[in-house]
There are 2 protein chains.
Amino acid sequence: MIMSFSKGSVRSGNRAAKDLIADHGGRVTRTRVAVIEALQIAPAPMSHEDLGAALAADDIPHDRVTLYRALDWLVEQGIARRIAGSDRAWRFEVVRPDSHRHAHFHCDRCGRVICLESLQPSSAVSLPDGYQLDRAELVLHGACATCGDGPGSDNDPGQH
Amino acid sequence: MIMSFSKGSVRSGNRAAKDLIADHGGRVTRTRVAVIEALQIAPAPMSHEDLGAALAADDIPHDRVTLYRALDWLVEQGIARRIAGSDRAWRFEVVRPDSHRHAHFHCDRCGRVICLESLQPSSAVSLPDGYQLDRAELVLHGACATCGDGPGSDNDPGQH
DNA sequence: AATGCTATTGCAACATTGTAGCATTTACGT
DNA sequence: ACGTAAATGCTACAATGTTGCAATAGCATT
């Protein structure tokens with residue numbers, strides 16, 4: 001989904017993002033800063049496409065490959081988290097101290113992905129002997145509040 | 001993962017598969033029958049690649065696109081279920097009456113996907129107002145019993 | 001068993017998502 | 001300001017999936 005944040009919003013208050021990067025021993029670059037800030041103000045996990053559009057909306061030049069690598073690095077550093085959507089594209093969200101592991105809701109009508117902070121999938125899971133659990137990914141599918149309201153009121157925001 | 005079922009095993013007892021297809025108003029074709037039977041005897045969800053290899057092992061000619069379309073049809077008819085792996089490839093399993101909704105375990109070391117029949121992710125999930133739940137997909141990540149045994153005993157069966 | 005209709009197939013071409021290699025640029029410690 | 005490794009920005013490629021369309025083949029009917 002194309003998020004149209006107001007121009008300049010991504011550039012404001014970039015102190016935290018820069019520090020985040022520096023604290024992890026990485027170089028503070030245009031793309032990394034912009035990606036972190038876009039993710040920080042995003043209400044939902046963003047795909048590569050989303051991020052590319054967000055950066056373009058802020059007139060931040062970026063390369064497709066650089067975006068991939070910036071996100072790989074963020075995930076590697078534990079700054080961002082990668083979640084698998086039902087389409088085969090990754091989505092990313094910043095790791096916040098308060099919301100450690102939560103489930104995601106994927107609206108099959110409009111394609112939006114929403115974070116469900118209250119649901120912690122990793123708890124209360126028992127595995128067979130010998131299996132080691134690293135993390136659990138819970139994705140709920142259905143219709144979101146906006147799409148589920150009226151039977152015919154599909155308000156597809158134009159994703160894929 | 002390449003499953004090497006004994007030759008002919010997929011072709012035997014194909015009565016049920018044919019009936020399944022016919023009961024859903026579809027034409028009984030070589031590829032559909034073979035796919036259903038491969039999925040029925042598979043111990044774990046299969047990717048397109050797996051299925052292609054399984055059909056090839058049984059000397060069943062098949063086209064890549066036909067395979068995709070056969071699986072699409074099976075999912076559409078509710079005969080098979082599509083699950084998203086952590087790589088961006090779909091995996092498929094037959095819908096069995098006894099094991100309705102269960103979780104999956106994805107071994108991050110060897111790539112194997114295992115069905116966890118005992119875990120029913122859709123139960124005990126509370127959504128915000130207005131949200132309609134269709135289905136829940138729970139994927140656990142970690143190391144399976146074989147891979148987790150010895151620290152260095154990675155027995156990768158050859159899957160990416 | 002032959003016929004006819006149309007659901008499926010099989011092919012080629014394309015779309016999307018993600019990676020690899022490598023020369024060039026840039027962040028940042030000195 | 002300088003030097004150097006880290007990142008970038010290309011281009012090319014790989015993997016996965018989709019579309020269009022002519023040819024084939026199920027299956028109901030004769």
Side-chain angles (χ1 to χ4, degrees), chain A residues 1-2 14 17-36 45-53 55-56 60-77 79-80 82-92 111 113 158-160, chain B residues 1-2 14 17-36 45-53 55-56 60-77 79-80 82-92 111 113 158-160:
Chain A
M1 85 199 57
I2 313 296
N14 51 7
K18 288 185 177 177
D19 288 348
L20 242 182
I21 298 168
D23 289 352
H24 284 266
R27 290 188 179 173
V28 178
T29 66
R30 187 176 74 238
T31 306
R32 282 183 184 167
V33 172
V35 164
I36 291 182
M46 297 177 83
S47 65
H48 276 266
E49 196 191 347
D50 298 338
L51 281 161
L55 297 214
I60 297 171
H62 61 283
D63 180 71
R64 210 169 61 91
V65 178
T66 302
L67 202 49
Y68 276 103
R69 290 198 268 230
L71 282 163
D72 284 349
W73 185 83
L74 292 179
V75 170
E76 202 176 285
Q77 298 298 319
I79 297 173
R82 203 195 303 262
I83 62 176
S86 59
D87 45 2
R88 62 193 195 292
W90 294 113
R91 281 156 204 277
F92 299 83
V113 176
Q159 192 192 30
H160 37 229
Chain B
M1 100 194 43
I2 313 296
N14 50 7
K18 288 187 177 177
D19 288 348
L20 242 183
I21 298 170
D23 289 352
H24 283 267
R27 290 188 180 173
V28 177
T29 65
R30 187 176 73 237
T31 306
R32 281 182 184 168
V33 172
V35 165
I36 291 181
M46 297 177 82
S47 65
H48 276 266
E49 195 190 348
D50 297 339
L51 281 162
L55 297 214
I60 296 170
H62 61 282
D63 181 72
R64 211 168 60 91
V65 177
T66 302
L67 201 50
Y68 275 103
R69 288 198 269 231
L71 282 163
D72 284 348
W73 185 82
L74 292 179
V75 170
E76 203 176 284
Q77 299 298 320
I79 296 173
R82 204 196 302 263
I83 62 175
S86 59
D87 46 0
R88 61 193 195 294
W90 294 115
R91 281 156 204 277
F92 299 84
V113 177
Q159 188 190 36
H160 8 240

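Every chain is numbered from 1, with letters handed out A, B, ... down the list of sequences.
- Rounded to whole angstrom, the span from the CH2 atom of B:W73 across to the P atom of D:dG17 amounts to 20 Å.
- Between B:L74 atom CG and C:dA7 atom P there is a gap of 18 Å when expressed in whole angstrom units.
- A:K18 has its NZ atom 16 Å from the P atom of D:dA7, to the nearest Å.
- Nearest heavy atoms, A:T31 versus A:H62: OG1-CB, 4.4 Å.
- Atom NE2 in B:H48 sits roughly 7 Å away from atom P in D:dT18 (whole-Å rounding).
- Between the CG atom of A:D63 and the P atom of D:dC10 there is a distance of 6 Å, given to the nearest Å.
- By the 4.5 Å heavy-atom criterion applied to side chains, B:D50 and B:F92 are not counted as neighbours.
- Spacing between atom CG of B:D72 and atom P of C:dA7 amounts to 17 Å, rounded to whole angstrom units.
- Remark: side-chain polar atoms of A:R30 are paired, donor with acceptor, to backbone N or O of A:P61 under 3.5 angstrom.
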Give each protein N/O atom lying under 3.5 Å from an N/O atom of nucleotides 21-23 of chain D, with the pair distance.
none

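- Rounded to a whole Å, the OH atom of B:Y68 is 16 Å from the P atom of C:dC11.
- Interatomic distance, CD1 of B:I79 versus CG of B:L71, reported as 11.0 Å (0.5 Å rounding).
- At a threshold of 4.0 angstrom between heavy atoms, the contacts of A:R64 include nucleobase atoms, whether or not backbone atoms are also involved.
- Atom CD1 of B:I21 is separated from atom P of D:dA25 by 17 Å (rounded to the nearest Å).
- A heavy-atom distance below 4.5 Å is not found between the side chains of A:M46 and A:V35.
- The two residues A:P45 and A:I83 have their closest heavy-atom pair at CG-CD1, 3.5 Å.
- The base of D:dT16 does not come close enough to the side chain of B:R88 for any donor and acceptor atom to sit less than 3.5 Å apart.
- For the helix from C:dA1-D:dT30 to C:dT30-D:dA1, the end axes, each set by the C1' atoms of five terminal pairs, are bent relative to each other by 30° (nearest 10°).
- When distances are taken from the side chain of A:W90 to each of D:dA7, C:dG18, D:dT16, the shortest belongs to C:dG18.
- Checking D:dT18, C:dT9, C:dA20 against every side-chain atom of A:V65, the shortest atom distance belongs to C:dA20.
- A donor-acceptor contact shorter than 3.5 Å links the side chain of A:R32 to the backbone of A:R27.
- Of all heavy-atom pairs between A:H24 and A:Q77, the closest is CE1-O, 3.2 Å.
- Distances shorter than 4.0 Å separate none of the side-chain N or O atoms of B:T66 from OP1 or OP2 on C:dT8.
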Show, in sequence, the C-alpha distance, side-chain angles and deciding distance for A:R64 and A:Y68, and conclude whether the side-chain contact (heavy atoms from CB on, under 4.5 Å) test is met.
CA-CA 7 Å; A:R64 210 169 61 91; A:Y68 276 103; 4.0 Å; yes
Would you sort out whether A:R82 and A:D72 count as a side-chain contact (heavy atoms from CB on, under 4.5 Å), showing the intermediate values?
CA-CA 9 Å; A:R82 203 195 303 262; A:D72 284 349; 3.5 Å; yes
Could you write nucleotides 23-30 of chain C as a row of B, S and -, 5' to 3', where a protein heavy atom under 4.0 Å of any base atom gives B, of only sugar-phosphate atoms gives S, and otherwise -?
---BBS--
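- Between A:T66 and A:T29 there is no side-chain heavy-atom pair separated by less than 4.5 Å.
- Residues B:I60 and B:A34 come closest through the heavy atom pair CD1-CB, 3.5 Å.
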